[in-house]
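The structure under discussion appears below in the form of structure tokens.
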Number of protein chains: 2
Amino acid sequence: MFDNAQAAPGTARTVWWDGAMASPPQPGEASSRTRAPRTRSRASHSLESVLAGAVEILDESGAQGLTIRALAARLGGGVASVYWYVSGRDELLDLAADSVLGGVLEATADVGGGDPIEDLRVIALAMFDAIVDRPWLGAYVLRDTATQIHSLQLYERIGEQVMRLELTPRQSFHATSAVVGYVIGTAADMGQQPPEAVVSGELSKDEYMAGAAAQWRALDPAQFPYIHHIIDEFDGHDDRDQFVGGLDLLLAGLRLQAGR
Amino acid sequence: MFDNAQAAPGTARTVWWDGAMASPPQPGEASSRTRAPRTRSRASHSLESVLAGAVEILDESGAQGLTIRALAARLGGGVASVYWYVSGRDELLDLAADSVLGGVLEATADVGGGDPIEDLRVIALAMFDAIVDRPWLGAYVLRDTATQIHSLQLYERIGEQVMRLELTPRQSFHATSAVVGYVIGTAADMGQQPPEAVVSGELSKDEYMAGAAAQWRALDPAQFPYIHHIIDEFDGHDDRDQFVGGLDLLLAGLRLQAGR
DNA sequence: ACCTGAACACCGTTCAAGT
DNA sequence: ACCTGAACACCGTTCAAGT
């Protein structure tokens with residue numbers, strides 16, 4: 001079902017290729033123990049290396065910076081070779097995002113023994129941490145469970161904690177979706193690049209936030225009483241604290257519903 | 001501060017143009033009462049018409065379908081004229097999203113008299129409804145409060161309800177952010193197009209969801225106990241019910257914190 | 001099977017020029 | 001002030017061909 005980690009999805013794999021041609025001569029590689037190929041004439045990739053390269057570029061320059069050409073250049077090969085591993089740029093983004101979630105999956109592998117809601121909190125925080133310093137990630141996480149195996153597994157793991165609260169299936173479904181929705185929504189929002197500021201490097205995120213705070217302070221207090229009520233909290237606030245604050249509200253509601 | 005509704009932002013408005021040339025002759029328009037111009041030689045826009053055109057295209061074919069060329073064609077003019085009103089495609093998306101939120105703002109103009117949490121619920125639902133059937137909207141809402149006036153005002157309005165709960169500024173800030181984050185995150189997630197399915201029209205959203213449900217049922221129950229626990233709820237579920245389920249958890253937590 | 005270079009059809013943005 | 005057509009520099013994707 002989710003076997004496209006090896007086969008390029010969207011590509012019909014009819015065997016037009018004669019098996020007798022297998023293992024073609026590898027020039028200059030016969031007894032080489034070093035990884036770097038002596039002859040640079042032909043690049044060789046794998047889905048893992050393609051995704052790793054994509055994540056590198058995404059981390060450096062965001063979704064906008066990930067072009068197929070840039071990726072091919074980084075891999076040291078031609079553009080078209082990328083299409084052997086992914087069906088297109090969209091799937092590349094989906095798989096790159098999912099590969100990062102694989103890390104979250106590993107990091108939370110042993111969660112599940114304690115208080116269900118506390119465990120839920122730990123997983124949600126791990127997920128948040130992964131997304132928040134990867135601005136590009138939020139938009140591509142949990143988009144297509146058929147392509148994104150890790151996303152599905154993480155969803156399952158979160159659901160399993162909720163399940164231990166022994167609510168109805170419907171309540172479990174809603175609670176799990178709420179946690180996931182809150183995490184992704186908040187993280188994506190926080191990770192969003194200030195319009196071309198951080199990307200071009202003209203402005204740091206702190207500088208941008210300071211500018212926004214100044215802008216808020218300049219608003220008419222009569223028209224924006226709430227903004228002025230919280231401006232000191234907004235100014236210089238910590239994203240993680242803000243995230244935890246909301247998460248704890250959600251979990252408190254859940255605890256109430258579960259009667260614990 | 002937020003005056004870019006009239007002046008194209010990002011464009012320095014130095015007056016190189018001689019004021020004496022004002023109100024040039026309008027050929028064939030002297031006593032015409034009908035809106036359609038007799039001479040098609042020169043198109044005339046406004047920021048409103050540009051954004052309206054953009055929203056139309058976005059509704060029809062999503063963010064991917066909104067190209068400057070498509071927009072210019074719809075407006076019946078040249079490509080470059082769009083750049084008189086917006087600084088680029090990014091700002092076009094931001095402003096188009098914000099213009100839709102203007103509708104939510106109007107629809108919730110008289111909210112604020114009842115129970116604060118109930119009022120919060122009403123606003124959140126109105127926001128959800130606006131986003132959910134506009135898949136493109138979620139990604140561009142509340143991105144830049146300097147450009148997006150309506151987003152800021154909506155944020156203020158939500159905050160004002162929270163303020164009535166008389167929490168600390170910090171708690172108010174976190175609660176408001178949580179509600180907004182949850183709404184946007186959930187709505188964006190639900191509005192997300194199934195990879196090129198609904199866009200190309202090959203697959204309806206219902207068909208896609210049915211396919212996903214079938215896929216989930218095929219998963220190993222030993223490996224995915226939660227998925228199997230909720231699969232009947234997932235299959236054919238109503239997005240709005242799901243949203244409300246999570247929202248009520250969040251609001252219950254908030255009510256608890258406020259001691260009401 | 002997997003990689004390549006070149007080509008195709010697009011796209012955002014800019015610019016000199018028009019009114 | 002506001003609109004235009006043409007140009008520039010890109011980009012995703014495909015394809016015939018190589019190994």
Base paired to C/dC11 (Watson-Crick or G-U; both N/O distances under 3.5 angstrom): none
Base-pairing assignment for C/dT19 (Watson-Crick or G-U wobble, both under 3.5 Å): D/dA1
Touch class at under 4.0 angstrom, heavy-atom based, for B/L66 against every strand present: sugar-phosphate
No-hydrogen, no-angle side-chain donor-acceptor test under 3.5 Å, A/D59 and A/W136: yes
Candidates C/dT4, D/dG12, C/dA6 - which lies nearest the side chain of A/V79: C/dA6
No-hydrogen, no-angle side-chain donor-acceptor test under 3.5 Å, A/H45 and A/S81: yes
Validation row, ring centre A/Y182 to ring centre B/Y182 under 6.0 Å: no
Residue B/A80, side-chain heavy atoms: nucleotide from C/dC15, C/dT13, C/dG5 that is nearest: C/dC15
B/R69, nearest nucleotide to its side chain (from D/dG12, C/dC11, D/dC3): C/dC11
Pairwise 5' ranking along DNA chain D for A/A70 and B/S81, keeping only the more 5' one: B/S81
Out of D/dG12, C/dG12, C/dC3, whichever nucleotide has its closest atom nearest the side chain of A/R89: D/dG12
Whole-Å distance separating the CH2 atom of A/W84 from the P atom of D/dG12: 21 Å
Nearest listed nucleotide, side chain of A/H45, among C/dT13, C/dT4, C/dA1: C/dT4
Side chain of A/Y83 - closest among D/dT13, C/dC3, D/dG5: D/dT13
Nearest-Å distance for atom pair CD1/C1', residues B/I68 and D/dG5: 16 Å
Between D/dT13 (P) and A/D90 (CG): distance, integer Å: 7 Å
Separation of atom CG in A/L47 from atom C1' in C/dA1, rounded to whole Å: 15 Å
OP1 or OP2 of C/dC2 under 4.0 Å from side-chain N/O of A/Y85: no
Straight-line distance of A/D90 CG to A/T147 OG1, nearest 0.5 Å: 10.0 Å
Touch class at under 4.0 angstrom, heavy-atom based, for B/T67 against every strand present: sugar-phosphate
Under-4.0 Å salt bridge between A/D98 and A/R143: no
